[in-house]
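Since the model is a prediction, treat every value here as computed from it, not as a measurement.
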Amino acid sequence: TKGVIIGGHEHEPYDELVTTDDGNDGFVRILKSGMDANAASLIDLTFECQEASQPAQLVEVDYDLVPLATFDPSVVVQKIVDTHESVVKALENETIIDTESTAMLPPGAFLSSKRTRFEQTTVGSIFCQMIKEEREVDAAIINGASIKGGMDYPDGKMSYAQLKKELPFPTKLVVVPMARFQLDQAIMYSRTAIEEGTDVDRAEIPRRGYLQVDWDYQQTGNLGFPDDILTVAVPRNLLNGFCKIQPLMDVGKQLTEQGIFPGPDDYIPALNVIVRHACKNRWTRIVSDLKDFQEFDLNGDGVLDRDEIQSMMAMYLGHD
């Protein structure tokens, strides 16, 4: 057996030769060129044919990893990319979070991401609530330093562009089990402990690790038993010691000892989770406001096609 496996996602370039035990000097070469298309795999395959009636046999694989930074972009490919990105850019100013339609905050609550390092914020509550519901977990937490917008939203609306400013970092969310008392301890510790190097003479002490919590847990977190095991969505780096939240570091150590600490690729960025939830919520609102299906099924075929959905969305959003 001789062969080559090409491609597949890998953060770093990957080249491994696996030999086989078939007695015929068999091998498989595994080649991956790394993330973000920073390099390309240039591969030469050499075949040998002993007899015309027999299939050619792979005998050699020559491989070179070619950095792409020195090459000019392909005009054709760049045009395709620009066309696709124009759709995304057109969505930048679309409203993606609307507190009137989320029912995630009490009436009259003011949507704000100011002071996430000092106190629980309404933006922190909504983000964590959306993560909780989308990941279908018992609780969700994000450290205050991950939320960067520092803005008030008087109309209760947040655009996609504003959401990206609020969450500019990957904020790699993983889901792990922990006891309720461990979560409570982590929240309390994050809001009271003083990080090394902090000026303790300040009137208020900022904390990068100040944990923002989902709205549900804020309201009902103390109703269970301390030893209840919860599934919690949490930024992976907090378990590794970022912000030095000791109870979360203890959870990370416990998970490592049990052999269930999430792997380096076992995460979803918080931004992706929130966008996914927000889009589902928008579609739910559009469909719930759809009084008469026949009004939009213009050709009467029982299905909403692309043009009919476009018309329905324009009516709901108030613009094309």
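Counting only residues at least two apart or in different chains, side-chain hydrogen bond (donor to acceptor under 3.5 Å, both in side chains) contacts with residues 155-177 comprise Glu92-Lys164, Asp98-Lys157, Ser113-Glu166, Tyr153-Glu166, Ser159-Gln162. Under the salt bridge (Lys or Arg N to Asp or Glu O under 4.0 Å) criterion, the residue pairs touching residues 26-53 are Glu10-Lys32, Asp15-Arg29, with sequence neighbours excluded.
Side chains of Tyr210 and Gln212: no donor on one and acceptor on the other come within 3.5 Å. A donor-acceptor pair shorter than 3.5 Å cannot be found between the side chains of Asn281 and Thr284. Using a 3.5 Å distance cut-off with no hydrogens or angles, the side chains of Gln129 and Asp216 do pair a donor with an acceptor. Asp250 and Gln254 form no side-chain donor-acceptor contact under 3.5 Å, judged by distance and modelled atom types alone. With 3.5 Å as the limit, one finds a donor-acceptor pair spanning the side chains of Gln78 and Asp82.
Asp305 places a side-chain N or O within donor-acceptor distance of the main-chain N or O of Glu308, the cut-off being under 3.5 Å. The backbone N or O of Leu304 sits nowhere less than 3.5 Å from a side-chain atom of Asp297 that would complete a donor-acceptor pair.
Side-chain atoms of Leu173 and Pro269, non-hydrogen and from C-beta on, never get closer than 4.5 Å to each other. Contact annotation: the side chain of Arg180 never approaches that of Asp138 to less than 4.5 Å [non-hydrogen atoms, C-beta and beyond].
The minimum heavy-atom distance between Ser146 and Pro168, with the atom names listed, is O-CD, 4.0 Å. Contact between Phe47 and Ala56 at its shortest, heavy atoms only, is CB-CB, 4.0 Å. Here the closest non-hydrogen pair linking Gly144 and Thr116 is O-OG1, 2.9 Å. Contact record, Cys128 with Ala140: O-CB, 3.3 Å, taken as the closest heavy-atom pair. Scanning all heavy atoms of the two residues, the minimum distance from Leu58 to Leu45 falls at CD1-CB, 3.9 Å. Between Tyr63 and Tyr14 the shortest heavy-atom distance is OH-O, 4.5 Å.
A salt bridge links Glu134 to Lys280: one of the charged nitrogens lies within less than 4.0 Å of a carboxylate oxygen. A salt bridge does not link Asp214 with Lys132: every distance from a Lys NZ or Arg NE/NH1/NH2 to an Asp or Glu carboxylate oxygen is 4.0 Å or more.
Surrounding CD of Glu12 are at most 12 heavy atoms belonging to other residues, nucleotides or ligands under 6.0 Å away. Annotation for Gln258: atom CD counts as buried by contact number, over 12 foreign heavy atoms lying within 6.0 Å. By the 6.0 Å contact criterion, CE on Met188 is open, its count of non-hydrogen atoms from other residues, nucleotides or ligands being 12 or less.
Contacts of Arg208 classified as side-chain hydrogen bond (donor to acceptor under 3.5 Å, both in side chains), with partners at least two apart in sequence or in another chain: Glu195. Residues satisfying the salt bridge (charged side-chain N to carboxylate O under 4.0 Å, His left out) test with Lys148, not counting sequence neighbours, are none.
Each of Asp152, Thr121, Thr122 was checked for a side chain to side chain donor-acceptor pair (under 3.5 Å) with Lys114, and the lone residue meeting it is Asp152.
When hydrophobic residues (I, L, V, M, F, W, Y) are linked wherever their side-chain heavy atoms come within less than 4.5 Å, the members clustered with Val81 are Val77. Taking Ile, Leu, Val, Met, Phe, Trp and Tyr as hydrophobic and joining them when side-chain heavy atoms fall under 4.5 Å apart, one finds Val213 in a cluster with Ile141, Val174, Val176, Met178, Leu183, Ile187, Tyr189, Leu211, Tyr217, Leu230, Val232, Val234, Leu238, Leu239, Phe242, Ile245, Leu248, Val251, Leu255, Ile260, Phe261, Tyr267.
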